[in-house]
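Only one structure is covered here, and it is reproduced in the block below.
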Amino acid sequence: MWSDETIVAFRKALLDWYDAKGRDHLPWRMNQDPYRIWVSEIMLQQTQVNTVIPYFNRFVMLFPSIRDLAEADEEVLLKAWEGLGYYSRVRNMQVAAQQVMTDYDGVFPSDPAEIIKLKGIGPYTCGAISSMAFGLPEPAVDGNVMRVFSRLFEIGDDIAKPATRKLFELLVRIVIDPDRPGDFNQAIMDLGSDICGPVNPRPEESPLREFNAAYKNGTMHLYPFKSKAKKPVVMDLHGVVVRRGNAYLMEKRPSGGLLGDFWTFPLVEEGPEDEPIGSFTHVFSHRKWRVQVHVQEADSKRELADNMKWVLEEDFPEYAFAVPQQKMWEIVKKHERKLF
DNA sequence: CACCCGTGGGA
DNA sequence: TTCCCAAGGGT
């Protein structure tokens with residue numbers, strides 16, 4: 001491990017670079033409001049900064065306070081998250097907002113031991129909020145931190161394994177700057193998103209090059225080590241768009257699963273005999289859908305299942321449509337235009 | 001721990 | 001096309 005002198009020099013090199021080259025324009029870095037930092041950190045989970053920015057601005061406009069979030073209508077909430085993916089994030093965040101209202105009198109807790117009790121906040125997000133909003137010297141170990149530190153110290157542990165995170169937390173606790181822990185954590189992530197990125201890193205440009213063991217030893221290509229992810233399982237489905245006048249049959253997906261609680265045109269494994277009007281594929285983390293799209297006029301009135309209803313086309317904007325649903329709808333509209 | 005949960009972009 | 005990637009957490 002480094003000497004105390006090295007640690008002090010490392011902090012200075014990193015934070016000087018951050019002060020000069022860090023991304024100080026990000027909308028959640030305007031101030032240290034724990035609510036805004038919280039929202040941004042949830043959105044940034046597995047999601048890139050450029051994708052998040054417009055969602056973040058809209059979200060804090062729609063729900064300016066923890067109370068607004070706690071009391072929000074579920075469909076409005078989901079609509080605000082439409083297209084971001086990993087929709088349990090926003091549902092968990094609302095549960096957590098309700099926790100803050102009831103358990104902490106509406107004030108976001110400042111103790112990491114309490115913060116981590118909130119739904120949807122795990123070790124990374126707890127550390128990020130603790131350090132950025134409350135100035136506590138807590139590690140916030142994400143993929144960036146593991147990548148940067150694996151190169152700095154030539155650590156070959158598999159960063160895809162959950163247990164590996166703990167090793168990096170120990171390291172960060174040692175080297176984090178106790179005077180500017182939030183800036184320290186963000187500086188590592190800014191560095192990891194560009195100069196020390198996963199592909200084509202430019203260590204010669206890094207403010208940390210003299211501390212980087214892998215760079216100095218010519219072993220950059222070995223770090224970080226990450227085992228391969230499994231390929232998504234392919235599913236062949238039929239999307240059946242049933243029309244009755246200006247209304248369409250919609251089905252609410254079961255809670256908890258993939259795209260849980262979303263309203264969708266019915267999706268079935270055994271499709272109708274008629275020809276599809278189009279098809280598309282959609283790739284999730286662990287599944288790949290190949291969907292053939294059919295249109296049908298409603299047949300004689302049969303009882304609707306509990307999870308189905310007719311929705312007027314003019315009401316579609318009030319519903320959150322996940323991307324596969326949007327793709328189905330695009331195919332239907334394209335088909336209709338072709339008929340004229 | 002292994003698996004589940006979205007989406008868009010880049011090589 | 002296919003692969004990998006991105007500021008993870010819940011179960």
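A note on names: the letters A, B, ... follow the listed sequences, proteins ahead of strands, and every chain is numbered from 1.
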Under 4.0 Å, counting only non-hydrogen atoms across every strand here, what does A/Arg91 touch: a base, just sugar-phosphate, or nothing? nothing

Would you check if the distance from the ring center of A/Phe316 to the ring center of A/Phe321 is below 6.0 Å? yes

Within residues 167-204 of chain A, those residues having any heavy atom closer than 4.0 Å to DNA chain B are none

Determine, for A/Glu41 against A/Arg36, whether the closest basic-nitrogen to carboxylate-oxygen distance falls under 4.0 angstrom. no

Nucleotide by nucleotide, 5' to 3', does protein get under 4.0 Å of the base (B), only the sugar-phosphate (S), or neither (-) in nucleotides 3-9 of chain B, counting heavy atoms? SBBBBB-

May I ask you to decide whether A/Glu336 forms a salt bridge with A/Lys333, counting only side-chain N to carboxylate O separations under 4.0 Å? yes

Check the phosphate of C/dC3 against A/Lys231, side-chain N and O only, distance under 4.0 Å to OP1 or OP2. Yes or no? yes

Tell me the interatomic distance from A/Tyr124, atom OH, to C/dG10, atom C1', rounded to whole angstroms. 18 Å

Does A/Arg287 count as lying over the ring of A/Phe284, i.e. NZ or CZ under 6.0 Å from the six-ring centre, within 45 degrees of the axis? no

Using atom P in both nucleotides, what's the gap between C/dT11 and B/dG6 to the nearest angstrom? 14 Å

Just to be sure I understand the rule, does A/Val52 reach a base, reach only the sugar-phosphate, or reach nothing, if contact means heavy atoms closer than 4.0 Å? nothing

Once you apply a heavy-atom cut-off of 4.0 Å, does A/Ala163 come out as touching a base, just sugar-phosphate, or nothing? sugar-phosphate

